[in-house]
Amino acid sequence: MGILDLTFPRNEFKGLDDYEKIINHILKLDVPFTILKFNLNESGIAVKLDVPTEKVSQVTQTLEKAGIKIKRQVIEIDEELCIDCGQCIALCNTGALCFDEDSKLKFCEDKCVGCHLCVDACPRQAIKY
Amino acid sequence: MIKTYEEINEKIKKGNSIVLTAEEMIEYVEENGTKVAAEEIDVVTTGTFGPMCSSGAFLNFGHSDPPIKFDHLWLNDVHAYHGNAAVDGYIGVTRMADKRPYEYGGGHVIEDLVSGKEVRLRGISDTTDCYPLDEVDTNIKIDDLNQAILCNPRNAYQKYSCAVNSTDKTIYTYMGKLLPNFGNAHYSGSGCLNPLTNDPDYETIGIGTRIFLGGGIGYVIGEGTQHNPTEGYGTLFVKGDLKQMKQKYLKGAKFEKYGVSMFCGVGIPIPILNEKLAKKTAVKDEDISTSVVDYGIPRRERPKIRETNYKELKSGFIEINGKNVKCSSMSSLFYAREIAEELKNWIQKGEFYLNPPAEKLSLRKIFKPMKQTSKLRFVKDLKRKATICYEDCDIKDVAEKIIEQNMNHIIITDHNNKLKGIVTSFDITKAIGKDKSKLRQIITKKVITTSDNEPIKIAARKMKLNDISALPVVDDNNRVRGIITSEDLM
């Protein structure tokens with residue numbers, strides 16, 4: 001499962017209607033999710049969602065479009081362990097993992113949504129977060 | 001014959017041999033043609049670096065005092081095979097550690113040994129008059145061993161199929177994690193750099209061929225197990241001195257929810273003895289065809305989705321049912337190139353010589369399936385008639401049917417017999433307890449199903465994995481054809 005740390009910004013979401021809209025947005029995706037945490041802080045309402053790993057990027061995109069801030073738990077590659085097999089590449093939905101021109105693994109952090117689909121799939125346990 | 005092994009080795013000795021990697025050979029032949037290539041080029045080097053499950057190492061530990069004859073032995077908690085003399089053992093790469101299975105295994109032990117790390121050796125014995133010691137627990141390094149011989153019964157597949165998954169669930173295989181509904185594709189092998197692909201008639205690669213193995217020198221010692229030359233899936237049986245090898249080219253691996261293995265580097269030099277070999281070693285990725293295979297169907301003959309080639313596979317996408325599916329490799333092209341390049345350097349520097357095979361590999365061997373004496377049973381042999389209710393009936397009707405027919409599972413369909421869900425007697429009890437009256441409030445809609453032609457063992461595994469006790473049997477159109485319950489399997 002993928003953990004998403006969301007913040008509904010204080011100024012942009014005021015009434016109950018706004019929250020409802022967002023929740024309906026997620027429900028429309030037909031993705032089962034669990035709310036792990038729900039609390040108020042200075043930046044707004046913080047929610048921790050647990051969604052199926054393969055749906056993380058879809059949910060992320062939908063929520064970001066709706067103006068919700070998502071704290072991404074991006075991955076890190078341990079280059080000592082990585083052997084550039086590239087198994088992770090076909091699992092990466094956003095193109096954050098790809099080959100460079102020499103067929104060495106390239107990781108673009110800004111594209112990583114933190115779905116972690118690649119983490120356990122790495123045969124060398126070289127992907128961490 | 002244009003050149004002989006002796007002539008090529010003479011040039012290697014003098015330091016003026018012309019060596020190209022199999023990728024460089026493509027360009028050379030394109031520019032100069034096969035005739036010039038056959039005259040000018042002496043050797044083409046190949047390389048592959050992928051998970052090779054049929055690998056392992058024979059180790060001899062020397063004798064303890066008092067002596068022991070192992071009945072069982074473990075290296076870093078990984079059970080090694082012992083069916084040889086007292087202190088010989090074989091550590092296989094797919095054997096998982098007793099305490100950290102799916103994470104650490106025989107391949108990791110070999111990697112640790114090669115990198116000079118200390119490995120814990122534990123052994124037990126029933127004792128004999130000549131081998132009285134019952135237990136050993138010690139730490140060893142590769143230098144403490146008399147022999148450490150990498151001995152791999154099946155390596156370097158000529159090519160391999162590309163794996164996809166048509167089902168609606170993620171599956172975990174030796175081809176990696178395969179996402180549902182053709183969510184990704186995994187292939188293996190280095191295509192135009194693959195050793196046997198460059199010598200498809202096994203003219204120069206045979207028993208006794210000296211090769212690059214795990215960063216050291218090894219030999220082909222026969223056809224590999226499951227050698228399947230008639231379909232273009234030749235394999236090699238190889239061995240080499242582990243003590244000379246490098247950790248860079250032997251890497252323990254784990255596959256999520258599948259097990260463990262080891263990436264092994266193999267490189268083979270191909271002497272360009274004639275023009276035909278010049279042509280063969282210029283093989284391009286687009287000329288190497290292979291199949292896209294559905295691993296979602298867990299049968300020996302997995303359905304072939306389509307044909308593809310290594311050019312398409314290496315592009316990162318393959319087309320399946322009009323959809324562009326992300327595709328990546330199990331093996332490392334980067335390391336395959338490094339191997340071909342390193343072998344090329346060895347030859348150019350006069351550190352590696354070529355030799356003709358003592359014996360050729362079979363070109364006609366047929367890869368046979370297992371002979372199974374017990375008859376395979378299918379769902380259709382054991383299924384029974386399903387008790388069906390329509391989705392618009394009410395809970396009371398369902399409850400009545402449960403009592404009447406003494407069935408725990410009621411299958412819910414529409415009026416065209418299409419599966420809509422399943423309801424158990426427990427669901428009915430819950431409904432009454434929680435005061436629910438509508439069938440749709442209690443129905444399980446996501447139903448795991450089976451089909452007439454699924455083997456019983458596979459249906460049983462589905463029930464076990466999902467912790468359920470019945471599966472509706474459906475046809476290709478999702479129409480209900482019966483039910484199979486765990487009781488039927490007893």
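The chains referred to below are lettered A, B, ... by the order of the sequence lines, with proteins before strands, and numbering in each begins at 1.
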Return the NZ to OH distance between A:Lys104 and B:Tyr335, rounded to the nearest 0.5 Å.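 A:Lys104 atom NZ to B:Tyr335 atom OH measures 6.0 Å (nearest 0.5 Å).
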
Inter-residue atom distance B:Tyr102.OH - A:Asp120.CG, 0.5 Å rounding: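 Those atoms lie 13.5 Å apart.
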
Where does A:Cys98 contact chain B at under 4.5 Å (heavy atoms): side chain, backbone, both or neither?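 A:Cys98 has no heavy atom closer than 4.5 Å to chain B.
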
Give, as side chain, backbone, both or neither, the part of A:Leu105 having an atom under 4.5 angstrom from any heavy atom of chain B.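 Answer is neither: A:Leu105 stays 4.5 Å or more from chain B.
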
Taking the side chain as every heavy atom from C-beta outward, state whether B:Tyr104 and A:Gln125 have any atom pair closer than 4.5 Å.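 In short, these two side chains do not touch, never coming nearer than 4.5 Å.
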
All ring pair (Phe, Tyr, Trp, His ring centres under 6.0 Å) counterparts of A:Tyr129, not counting sequence neighbours: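 Expected list: A:His116.
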
Side chain / backbone / both / neither for [X] at chain A, heavy atoms under 4.5 Å:
{"X": "B:Phe263", "answer": "side chain"}
{"X": "B:Glu338", "answer": "neither"}
{"X": "B:Ser329", "answer": "both"}

If only atom types and distance count, is the side chain of A:Arg124 paired as donor or acceptor with the main-chain N or O of B:Gly252 below 3.5 Å?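 Yes, because the side chain of A:Arg124 sits within donor-acceptor range (under 3.5 Å) of the backbone of B:Gly252.
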
B:Ser332 side chain to A:Asp84 backbone, donor-acceptor under 3.5 Å: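 Yes: the side chain of B:Ser332 pairs with the backbone of A:Asp84.
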
Tell me the residues of residues 170-186 of chain B whose non-hydrogen atoms fall below 4.5 Å from those of chain A, in number order.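 Near chain A, by residue number: B:Gly176, B:Lys177, B:Leu179, B:Gly183, B:Asn184, B:Ala185, B:His186.
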
